[in-house]
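For the numbers below, each heavy atom of this structure counts, side chains included, while hydrogens, waters and symmetry mates do not. Reminder, nothing fancy here: chain letters follow the sequence lines and each chain counts from 1.
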Amino acid sequence: MRILIADDEPVSLGLARAALAETGCDITSVADGDAAWRALESRTSPTLAILDRQMPHVDGVELCRRARRAGAYPSIYIVLVTSAGAPADIADGLEAGADDYIPKPFNRAELRARANVGLRMLALQESLARRVADLEAALASVKQLRGLLPMCCYCKKIRVDNSYWQQLESYLAANSDAQVSHGICPECFPQALGAIEDAPR
Amino acid sequence: VSTLHFRRISRGRAGTFPAHSARVTAGPCAALLERVGGDAQIFVELCDAFLDDAPLRLGAIRAALARADVRTVAREAHAFKGAAAAFDAADLVAVVGDLERAAASGDLASARQLSALVDRHAGALIDAVRTGKDG
């Protein structure tokens with residue numbers, strides 16, 4: 001996974017880098033909102049972004065809005081870093097599309113823990129998306145027999161149209177993913193055996 | 001007075017922090033060291049980042065005040081407040097916060113008065129960080 005850290009203040013930026021280095025993710029750090037947006041919309045866009053609320057050019061809240069508006073991007077987990085602890089500011093950031101926020105000054109362990117929550121969420125989303133895709137693919141390959149099948153009550157052939165009756169086995173093979181193998185069930189076995197023995201040699 | 005000890009942690013990058021065991025007493029450096037979980041290498045790197053950035057940031061505030069650019073003053077003060085907060089420098093955070101608010105409201109006269117106060121508190125923090133960084 002890739003992480004973007006955007007902060008125009010080098011101490012917080014360094015602290016964030018140190019906190020996230022242990023995640024093993026690729027980390028990109030930038031010092032203003034323009035550079036952050038370029039990173040967010042690049043082909044190698046990050047999956048986790050730590051964005052300072054106030055930065056030159058484009059602030060963190062606007063970056064959240066842009067990232068959420070651009071629905072084509074893959075899922076991204078955004079943590080907004082803010083020194084403004086006012087509830088209204090926090091609510092603004094979350095409403096704009098941030099998933100979490102962390103107030104400045106933060107410590108290394110706290111940011112790492114919050115980032116790990118984000119990484120777990122992303123891993124879960126990815127796993128669910130994979131499962132859904134697998135299920136959709138499986139569903140697409142399944143043929144289902146539905147509706148009323150007209151069947152001869154004596155020979156068990158299926159009527160395909162008004163003039164053609166098809167053997168059950170070939171009908172099933174043509175209209176489902178089932179394959180038919182042949183055997184003799186215990187109930188039929190004595191009768192079948194009798195028929196074999198009675199057959200002219 | 002609480003005292004935090006740290007010793008050199010080898011990460012394959014020699015020479016970026018003191019080789020000897022160091023002792024940081026409570027204060028701005030102790031606060032930062034605690035913030036980085038006692039990692040001496042990161043601590044020294046962040047101190048260096050602050051010592052490089054602070055004079056530039058203060059210069060940018062003074063220059064913006066000289067040309068009555070309150071928007072830049074507010075933005076630079078906000079960023080500097082974040083750096084000061086990492087050291088738990090409460091007095092500096094308070095005056096820089098006042099400067100940011102004065103500039104954001106366009107009160108140039110108050111901003112100029114507060115700038116001198118910011119310089120004084122920032123100077124003290126810079127001295128403390130320079131001293132504390134070397135253990």
Could you tell me the separation between the CZ atom of A:Arg108 and the CG atom of B:Leu46, rounded to the nearest 0.5 Å? 9.0 Å
Under 3.5 Å, which donor-acceptor pairs do the side chains of residues 10-19 of chain A form with other protein atoms, sequence neighbours left out?
| unit_1 | atom_1 | unit_2 | atom_2 | d |
| --- | --- | --- | --- | --- |
| A:Ser12 | OG | A:Glu9 | OE1 | 2.4 |
| A:Arg17 | NH1 | A:Ser29 | OG | 2.8 |

Just to be sure I understand the criterion: a residue of residues 50-69 of chain B counts if one of its heavy atoms is under 4.5 Å from a heavy atom of chain A. Which ones qualify? B:Phe50, B:Asp53, B:Arg57
Please table the atom pairs, donor to acceptor, closer than 3.5 Å between any side-chain atom in residues 120-138 of chain A and protein atoms at least two apart or in another chain.
| unit_1 | atom_1 | unit_2 | atom_2 | d |
| --- | --- | --- | --- | --- |
| A:Gln125 | OE1 | A:Ser75 | OG | 3.0 |

Top contributor to chain A interface from B:Ala84, B:Gly97, B:Cys47, B:Gly82 [non-hydrogen pairs under 4.5 Å]: B:Gly82
Greater than 12 external heavy atoms within 6.0 Å of A:Tyr101's OH: no
Taking a cut-off of under 4.5 angstrom between non-hydrogen atoms, the residues of residues 98-116 of chain B near chain A are B:Glu100
To the nearest 0.5 angstrom, please state how far the CG atom of A:Asp8 sits from the NE2 atom of B:His78. 7.5 Å
Atom pair CZ (B:Arg75) and NE2 (A:His57), whose distance is rounded to the nearest 0.5 Å: 7.0 Å
